[in-house]
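Counting begins at 1 with the first residue of the sequence. Keep in mind that the numbers below use all heavy atoms, side chains included, and drop hydrogens, waters and symmetry copies.
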Amino acid sequence: MLFAVSMTFIDQTIVSIAAPSIIDELGLSSSGMQWVVNAYLLSLAAFFALGGRLADIMGHRRVMLTGTLVFVVSSVLCGCVPTGGYAQSWLIVFRATQGLGAALMFPAALAVVISVFPVERRGRALALFFGLSGALTAVGPLLGGWLTDWTWRAIFWVNVPVAVVALVLVALAHIPEERRRERLDVPGAVLVAVGMGLSVLGFQQASAWGWSSAATWACIVGGLVVLAVFCRYELGVAEPLITLRVFRDRAFTVDSLVLFFAMTAFVPVFFFASVYAQVSLSASPNQAALYLLYFFIGFGIASQWGGRILDSRGARPAMKLGTALGAAGFALWAGKLTDLSIHDQWPYAALAGAGIGFLLAPASTDAVNRSIGASYGEVTGITQTVRNYAASIGIAVFGTVLTHVTTDKVVETLTSKGVPSGPAREAARSVAEAVTGQADAKEPGGDGRIATLMRDSMDAVRMDFAEANQRVFYGMAIALAIAFLCSLWHPGTRVTGETATDGTVTPAPDPQRERNGG
């Protein structure tokens, strides 16, 4: 199952490192490229709960195989995107169907893992599952940097051999089919998808429409209203898409809040750090991947300690330590971005990664262990929906901040060097919306005075972009600080069974015993 879901985690980050090359070849805007990244995450968030319920109703093995096939076919089509006017729409659509495939695959795979391990061994098994799957997120940029040197299309095609091996392993594992005789909550699935899509659209388009635009706020507020309607609807349904009463458990609510705020930084950092490295540091894709390696080293080491803390002391200490280290690491990292030196940044990048590593597996595992009569597919659907929705919001909000700050700073730089206000703002908007990562090769052409002034300003523009990213990284530090405050609210109880709605812990049912009718 780990091998099967590895593709879904790698694809959360692998596109980030190739973003400048994709923008350059297909002529996408930076906001369009953010949608290529975000379409996958948003589709994951919108359909994860649906995937969990389908796995329960139709059978884990069948839904996992269906998700794998949808995912790999979409990957091939992403790699075959034609150049021209339809490129951006093509890529966004099939990135979204990739996310749908992943949303079907992951909860079914996790349900299989849970059914294999008895409750006394489940904590360690899930910590390993979440720790390794989270670490696989780190493989994305490293693999992406190597493949992009050949062709960026290979970052999608690489999923084909992985999927083939995964399907062979599934066949060899002889996974038993388990089903629940329940109805699928179709209205709930539609409401949650529409609510998430509208709200993220508003945040994403704020950079183009402006925060004063009625359309921006109509999407954000409208999406949140639809999500509120979804919650009210689910409370009155006999067989809901999501069993919301699980949030009566304070620990589960805290786990979800910590994951939400942590994920607004964890997945977006790959996109923003890789583009920063290629623009402000003039790094190649491979060099940008190595730049992110420091973050991954911290993450990988700390994730092992986080799992041990969970087993010995529960989730609360690991979450408190992780969020505190993460907030400090991102803040210190942000302070060094304007030095334009990788050497000065690596300790803080590693510290930020260690913070995420400490909290990710404990928070995810503790949340899943607290299912309260809901199936593990449902609870996984909730936590993964929270994680991916948060990542989508993070990319949208921080992308808007990056665009606005870059535009303002480049206008200031160009006007101070004698470029008239109109051309300066037009050029600044172009820089913000057409980040290629090849700053030296993409300087303005022409022999006119304005073109000459702009070429002479490129070093200053690279610094402007670094300062804009600095605001983004400080925002990530704030998100981790909020997660720290949330972690203090965790009751600190440890789960060895299934948590009831009143907060008491009772022995979890044995899946094998239930299947035998006892």
Could you list the donor-acceptor pairs under 3.5 angstrom formed between side-chain atoms of residues 73-87 and any protein atom two or more places apart in sequence or on another chain?
residue: S74; atom: OG; partner: V70; partner atom: O; Å: 2.8
residue: S74; atom: OG; partner: T97; partner atom: OG1; Å: 2.7
residue: S75; atom: OG; partner: F71; partner atom: O; Å: 2.9
residue: S75; atom: OG; partner: Q98; partner atom: NE2; Å: 2.7
residue: S75; atom: OG; partner: N159; partner atom: ND2; Å: 3.0

Minimum-distance pair of heavy atoms, taken over all atoms of V200 and S392:
CG2-CB, 4.0 Å
Answer whether the closest heavy-atom distance between the side chains of L340 and L281 falls below 4.5 Å.
yes
Between L50 and A189, what is the shortest heavy-atom contact and its length?
CD1-CB, 4.1 Å
Looking at V36, is its backbone amide N or carbonyl O close enough to the side chain of R95 to form a donor-acceptor pair, meaning the two atoms are under 3.5 Å apart?
yes
If I compare all heavy atoms of S282 with all of Q287, which pair ends up nearest, and what's the gap?
O-OE1, 4.2 Å
Using the rule given for side chain to side chain contact (heavy atoms under 4.5 Å, CB included), can you reason through C486 versus M319, listing the C-alpha separation, both sets of side-chain angles and the distance that settles it, and then say yes or no?
CA-CA 9 Å; C486 293; M319 290 194 297; over 6 Å; no
What closest approach, in Å, do A262 and A483 show between heavy atoms, and which atom pair accounts for it?
N-CB, 4.5 Å
Would a 4.5 Å heavy-atom cut-off, applied to side chains only, mark L257 and V386 as touching?
no
With I220, which residues qualify under side chain to side chain contact (heavy atoms under 4.5 Å, CB included), at least two apart?
F203, W211, T216, W217, L224
Evaluate F106 against F48 for ring pair (Phe, Tyr, Trp, His ring centres under 6.0 Å), listing each step before the verdict.
CA-CA 8 Å; F106 187 88; F48 228 110; 5.6 Å; yes
Measure the acute angle between the ring planes of F270 and F296, then classify it against the limits of 30° and 60° as parallel, tilted or perpendicular.
tilted
Kindly give the heavy-atom pair with the smallest separation between A39 and I92, and that separation in Å.
CB-O, 3.6 Å
Does anything in residues 341-351 form a salt bridge (Lys or Arg N to Asp or Glu O under 4.0 Å)? List the pairs, not counting sequence neighbours.
none
When you look at F473 and V269, which way does the side chain to side chain contact (heavy atoms under 4.5 Å, CB included) test go after all the steps?
CA-CA 8 Å; F473 278 63; V269 73; 4.0 Å; yes
Which residues pass the ring-ring contact (aromatic ring centres under 6.0 Å, His included) test with F484, sequence neighbours left out?
none
Residue pair L201 / C219, side-chain heavy-atom distance below 4.5 Å
yes
Residues passing the side chain to side chain contact (heavy atoms under 4.5 Å, CB included) test with T264, sequence neighbours excluded, are F260, A390, A479
Indicate the ring-plane relationship of F295 and F299, choosing parallel, tilted or perpendicular according to the 30° and 60° boundaries.
parallel
Verify, without hydrogens or angle tests, whether S199 (side chain) and M196 (backbone) share a donor-acceptor contact under 3.5 angstrom.
yes
Would E234 and L191 satisfy side chain to side chain contact (heavy atoms under 4.5 Å, CB included), going step by step from the backbone distance to the final call?
CA-CA 10 Å; E234 292 296 279; L191 285 172; over 6 Å; no
What's the spacing between I342 CD1 and L293 CG if we round to 0.5 Å?
11.0 Å
Between atom CG of L359 and atom CG of L310, what is the distance when rounded to the nearest 0.5 Å?
12.0 Å
Step by step, would you call Q88 with L26 a side chain to side chain contact (heavy atoms under 4.5 Å, CB included)?
CA-CA 8 Å; Q88 182 167 302; L26 300 181; over 6 Å; no
The criterion is side chain to side chain contact (heavy atoms under 4.5 Å, CB included); which residues satisfy it with R250, sequence neighbours excluded?
V254, W489, P491
Main-chain N/O of K320 paired to T323 side chain as donor or acceptor, under 3.5 Å:
yes
Got a second to check how far T148's OG1 is from Q278's CD, nearest 0.5 Å?
8.0 Å
Under 3.5 Å, side-chain donor or acceptor atoms of residues 329-339 against the rest of the protein: list the pairs with distances, not counting sequence neighbours.
residue: W333; atom: NE1; partner: Y291; partner atom: OH; Å: 3.2
residue: W333; atom: NE1; partner: Q345; partner atom: OE1; Å: 3.2

Applying salt bridge (charged side-chain N to carboxylate O under 4.0 Å, His left out), can you list everything that pairs with E25, at least two apart in sequence or on another chain?
R153
Side-chain heavy-atom pair L227, Y389 within 4.5 angstrom cut-off:
yes
Taking salt bridge (charged side-chain N to carboxylate O under 4.0 Å, His left out) as the definition, give me every residue that meets it alongside K409, ordered by chain and number, with sequence neighbours left out.
E467
Partners meeting side chain to side chain contact (heavy atoms under 4.5 Å, CB included) with A350 (sequence neighbours left out):
none
Please state whether the rings of F272 and F398 are parallel, tilted or perpendicular, taking 30° and 60° as the class boundaries.
perpendicular
Got a second to check how far T365's OG1 is from D255's CG, nearest 0.5 Å?
9.5 Å
Within the 4.5 Å heavy-atom criterion, are I242 and F230 side-chain neighbours or not?
yes
A quick test of your reading: do over 12 heavy atoms of other residues, nucleotides or ligands sit less than 6.0 Å from CH2 of W157?
yes
Any side-chain heavy-atom pair from F358 and S303 closer than 4.5 angstrom?
no
Can you find a pair of side-chain heavy atoms, one from M463 and one from S280, that are under 4.5 Å apart?
no
V226 pairs by side chain to side chain contact (heavy atoms under 4.5 Å, CB included) with which of V221, V194, V192?
V194
With sequence neighbours excluded, tell me which residues meet ring-ring contact (aromatic ring centres under 6.0 Å, His included) with Y348.
none
For Y40, does its backbone N or O pair with a side-chain atom of S43 as donor and acceptor, under 3.5 Å?
no
Atom pair CD1 (I395) and OG1 (T400), whose distance is rounded to the nearest 0.5 Å
11.5 Å
Option passing side-chain hydrogen bond (donor to acceptor under 3.5 Å, both in side chains) with D464 (candidates T413, T407, N469)
T413
Would you give the length of the straight line joining atom CH2 of W346 to atom CG of L351, rounded to the nearest 0.5 angstrom?
11.0 Å
Taking salt bridge (charged side-chain N to carboxylate O under 4.0 Å, His left out) as the definition, give me every residue that meets it alongside R471, ordered by chain and number, with sequence neighbours left out.
none
Would you say the ring centers of F247 and F252 fall short of 6.0 Å from each other?
yes
Residues A327 and A477: closest non-hydrogen pair is O-CB, 3.5 Å
What do you reckon, is CH2 of W305 surrounded by more than 12 foreign heavy atoms closer than 6.0 Å?
no
Any side-chain heavy-atom pair of M263 and I393 under 4.5 Å:
no
